[in-house]
Q: 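I am attaching a structure below and will ask some questions about it afterwards.
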Amino acid sequence: MSLLNDLNPIQQKAVLETEGPLLVFAGAGSGKTRVLTYRIAYLIQEKGVPPWNIFAVTFTNKAANEMRERVERLLGRSAKGTWISTFHSACARILRQHIEPLGYRKNFVIYDEQDQERHLKEVMKELNLDFKMFPPRAIQSGMEQLKNEGVTPEQYTPNPYNIFQKRLALVYQRYQEDLRRNNALDFGDLLTFVKILFNRFPEILKYYQGLCRYVMVDEFQDTNLIQYHLIKKMVEAHRNVCVVGDDDQSIYRWRGAEVGNILNFERDFPETQIITLEQNYRSTQNILQAANHVVQKNRYRKEKKLWTENPDGELLTFYLAEDETDESKFVVQKIMEYITSGDSVRSYRDIAVFYRINAQSRAIEDELVKNKIPYTVVGGMKFYERKEIKDVLAYLKVIDNSSDGLSLKRIINIPSRGIGEKTIEKIEAFARERGGSLYEGLRKAIDEDWLTPSIKAKMKEFIQSIEEFRKDAESFPLSQLTLTLLSKTGYLQRLREEGTEEAFSKIENIDELINVMVEFEQGGERVSLEAFLDKVSLVTDIDLYEDKGNRVSLMTLHCAKGLEFPVVFIVGIEEGLLPHYRRGEEIEDMEEERRLFYVGMTRAKRKLFLSRAEERSTFGVGRANLPSRFLDELPMDMLQLEEKREKINHLFSQQRQWRDGVFQSEEVQESLSQGSSYSEGDGIVLTPEGFFPLKTGMRVRHPIFGVGRVKSVEGMDENQKATIIFATAGSKRLKVCSAHLEILE
């Protein structure tokens, strides 16, 4: 029971409620990881539960590793065997054992996002689909949504009058057939195939229900429908499930997360015990109160109010910049002040800059470089997505799984062997006709007469080298195998011969990959090529984040979740950026954008800076921006203003009047007309007081989305809604009386 001494009374209660369903609402910085780790330790030490009967699942390898390390620090060797994993890693482990009844071999390869996109484009080319009419990203998003819902190609029924859905069904079917031919799965398949296994083979489900007697889910607000389905299946025999999360931090709806899973958990488990963790250990009083003010504007949430025993701390600082350059100078100036002052924040690693989209980092980076301040961009080019790393991994994937045609096509001419794309296309068609993989097609083509002798010789040499590497893999350590193939293929030698800075940088990256392998071999895990490829295929942005170097961290607000810093800057708090214009005006979208702002605010431990620019360049043209509506939701008495208070107050007041539709001042009208070919007075502004009905085909201008054309109209008077196609923002469905539209023709 000494374990409980480190917990507050509410945390203790969450640890002690071990039987039956438990829902823990854990506010930002309230110690949810501590609760989960102590709960695992309590089950093992006090309740005598074997560690292998405990299954804890979270969303990043970083979080899973941290949880595992904490449990081992509490219990030592007695914690060995506890299954702590991400959803995707857990499903990969299940499939490695049981996938064969589904027609796959156990050495399947896992395609990462780049592999998925490349494979999808190849499928669409084979089907002669126009990329402009059917953008690959849109098709990929559609497939991901179906997989998040657990819908297979056979189960998907498109609307017969919707051309996009019909083409999506066609691509989805062909895409999955080709994955099967390559003995490959993508991220979504890992979850979908486990669902299929559990449904088709009750004995497999029963085995995991017996194995996982106590199930815990971290970040439950981020689960999608199929993840929740899998959890419900695993616990239906014993119902010992503890889910921990915070609906106020649900920010991944765009990739399938369903906040309703946590809000409606009691409906599926009526006997649920509910515990709310509201004491925050991270932030100061002022930061926490300001964040509470913002998130309480959301309608669809469980009521909670975070509090802290931490001191009040400094007020939040708001800066109104002229443009993004001025904003960047302000950020860098404040960073330099912190580092050179006598304040306890003296390390660059203590400081982070958050923004809504990656493109915003450019101005910040330029200013940091000018002032020779070290920084790192989180979520930029990922290490495992660099060309040289992808090349080496592709070799390893083919060695492990020769059916992986995507990786085979990547490496067959790396280094150059003089085998042309047309030849590969012919062999691929030849292989598909015979129902085999590309590798099998290469081997059969060598035995036939339709290839030239020189091409045959090159292919034979390539296949022979792969077979030799496969034999080496049986006896060589992973790092030695990789060094051998780099030497025999001449890959490293070619880079050395290039002699450029870029080539030397690639060599350094490959060297780092070898270091990763050596660490993996020394980590005490099962050392195999297959296990290593699984590990690197399931890496996330946050997994790659390291705070070892003394650098300022730059990242999007989405990447910031799960992290904390003494000093935080949130830049670009403007309409169109935060909230982002692509999210539209639907309540669910706007509430998620507000939660995103809340997440950013609650990453700050001691000091929070907020800023926006009056003008920001878009495609080389400066455009005036309205302040974000979220700024209007902050209590003014908690803000320390860098500009004159009268000017800021005037702008905030102006914003409120614009929101309420009372009037639009000349200054606001001028800002709305910036960047448009129309000038003030060209159109009729629709407001609640001066309402005019819209008609299909009309051209209109929206203050955020710009110029568009009305596609359809429904309803009358104040209930009228319109679907409008905007040139830059796409299709939006808006309530006319509150959208501040301007009729242009």
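Worth knowing before you read on, the calculation uses all heavy atoms, side chains too, and leaves out hydrogens, waters and symmetry mates.
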Q: Between K304 and D246, does at least one N-O distance fall below 4.0 Å, as a salt bridge requires?
A: yes

Q: Going by salt bridge (Lys or Arg N to Asp or Glu O under 4.0 Å), name the pairs with one or both residues in residues 280-293, residues two or more places apart or in two chains.
A: R282-E564

Q: Locate the shortest heavy-atom distance separating V57 from T86; write the atom from each residue and the value.
A: CG2-C, 3.7 Å

Q: Indicate, with yes or no, if the rings of Y598 and F630 have centres closer together than 6.0 Å.
A: no

Q: Can you measure from NZ (K32) to CG (D218) and round to the nearest 0.5 angstrom?
A: 3.5 Å

Q: Considering all heavy atoms of both residues, which atom of R629 and which atom of P579 are nearest to each other, and what is their separation?
A: NE-CG, 3.8 Å

Q: Between T284 and E314, is the side-chain contact (heavy atoms from CB on, under 4.5 Å) condition met? List the steps.
A: CA-CA 8 Å; T284 63; E314 297 182 53; over 6 Å; no

Q: Side-chain contact test, heavy atoms from C-beta onward, threshold under 4.5 Å: evaluate it for E66 versus T58 and give yes or no.
A: no

Q: Who passes ring-ring contact (aromatic ring centres under 6.0 Å, His included) against Y252, sequence neighbours left out?
A: H558

Q: Answer whether the closest heavy-atom distance between the side chains of I10 and I275 falls below 4.5 Å.
A: yes

Q: What's the verdict on side-chain contact (heavy atoms from CB on, under 4.5 Å) for L315 and L639, showing C-alpha distance, side-chain angles and the deciding distance?
A: CA-CA 6 Å; L315 296 175; L639 288 179; over 6 Å; no

Q: Work out which heavy atom in K372 is nearest to a heavy atom in P374; give both atom names and the distance.
A: O-CD, 3.8 Å

Q: If I take atom OG from residue S611 and atom CD1 from residue I570, how far apart are they, to the nearest 0.5 angstrom?
A: 9.0 Å

Q: Just to verify, what does D323 make a side-chain hydrogen bond (donor to acceptor under 3.5 Å, both in side chains) with, not counting sequence neighbours?
A: none

Q: Applying the salt bridge (Lys or Arg N to Asp or Glu O under 4.0 Å) test to R137, which of E117, E113, E144 qualifies?
A: E117

Q: With the threshold set at 4.0 Å, does a side-chain nitrogen-carboxylate oxygen contact exist between R356 and E593?
A: yes

Q: Which value, rounded to the nearest 0.5 Å, describes the distance between D637 atom CG and N286 atom CG?
A: 8.5 Å

Q: To the nearest 0.5 Å, how far apart are CG in N280 and NZ in K605?
A: 11.0 Å

Q: Measuring only between side-chain heavy atoms, which start at C-beta, is K607 closer than 4.5 Å to T317?
A: yes

Q: E219 and F59: which non-hydrogen atoms are nearest, and at how many Å?
A: O-CE1, 3.3 Å

Q: Mind checking whether Y319 and V331 have side chains closer than 4.5 Å, heavy atoms only?
A: no

Q: Give the C-alpha distance, both sets of side-chain angles, the deciding distance and a yes or no for side-chain contact (heavy atoms from CB on, under 4.5 Å) between L554 and L368.
A: CA-CA 11 Å; L554 275 57; L368 289 168; 3.8 Å; yes

Q: Would you say the side-chain atoms of N310 pair up with the backbone N or O of Q285, donor to acceptor, closer than 3.5 Å?
A: no

Q: Please answer whether the main-chain N or O of D350 pairs with a side-chain N or O of S347 as donor and acceptor at a distance below 3.5 Å.
A: no

Q: With the threshold set at 4.0 Å, does a side-chain nitrogen-carboxylate oxygen contact exist between R595 and E592?
A: yes

Q: Below 30° counts as parallel, above 60° as perpendicular, anything between as tilted: where do the rings of F220 and Y228 land?
A: perpendicular

Q: Answer yes when R362 and D366 have at least one side-chain N-carboxylate O distance shorter than 4.0 Å, and no when they do not.
A: yes

Q: As a quick check of understanding, evaluate side-chain contact (heavy atoms from CB on, under 4.5 Å) for V552 and V353, giving each step before the final call.
A: CA-CA 8 Å; V552 174; V353 183; 4.3 Å; yes

Q: CD of E322: more than 12 outside heavy atoms within 6.0 angstrom?
A: no

Q: List in chain and number order the residues that pass side-chain hydrogen bond (donor to acceptor under 3.5 Å, both in side chains) with E574, two or more places apart in sequence or in another chain; answer none if no residue qualifies.
A: R616, N625

Q: For E266, give me all partners under side-chain hydrogen bond (donor to acceptor under 3.5 Å, both in side chains), at least two apart in sequence or on another chain.
A: K302

Q: Is the shortest distance from a Lys or Arg side-chain nitrogen in E327 or K329 to a carboxylate oxygen in the other one below 4.0 Å?
A: no

Q: Check K334 with E337, please: is the shortest side-chain N to carboxylate O separation under 4.0 Å?
A: yes

Q: Starting at CD1 of I573, measure out to CG of L577 and round the result to the nearest 0.5 Å.
A: 10.5 Å

Q: Checking N8 against Y281: is there a side-chain donor and acceptor pair closer than 3.5 Å?
A: yes

Q: Output the distance between atom CD (Q221) and atom CZ (F265), rounded to the nearest 0.5 Å.
A: 13.5 Å

Q: Which pair of heavy atoms, one from V24 and one from A14, lies closest together, and at what distance?
A: CG2-CB, 4.2 Å

Q: What residues, two or more places apart in sequence or in another chain, satisfy side-chain hydrogen bond (donor to acceptor under 3.5 Å, both in side chains) together with Y300?
A: none

Q: Would you say L563 and M555 make side-chain contact, with heavy atoms under 4.5 Å?
A: yes

Q: Between L557 and L578, is there a side-chain heavy-atom distance shorter than 4.5 Å?
A: yes

Q: So which atom in N298 and which in R301 form the shortest heavy-atom distance, rounded to 0.1 Å?
A: O-CD, 3.5 Å

Q: Just so I know, are the side chains of I262 and F25 near enough to count as touching, which here means a heavy-atom distance under 4.5 Å?
A: yes

Q: Testing T223, N224, D247 one by one against N261 for a side chain to side chain donor-acceptor pair (under 3.5 Å), which residue passes?
A: T223

Q: Are T556 and I357 close enough that some pair of their side-chain heavy atoms sits under 4.5 Å apart?
A: no

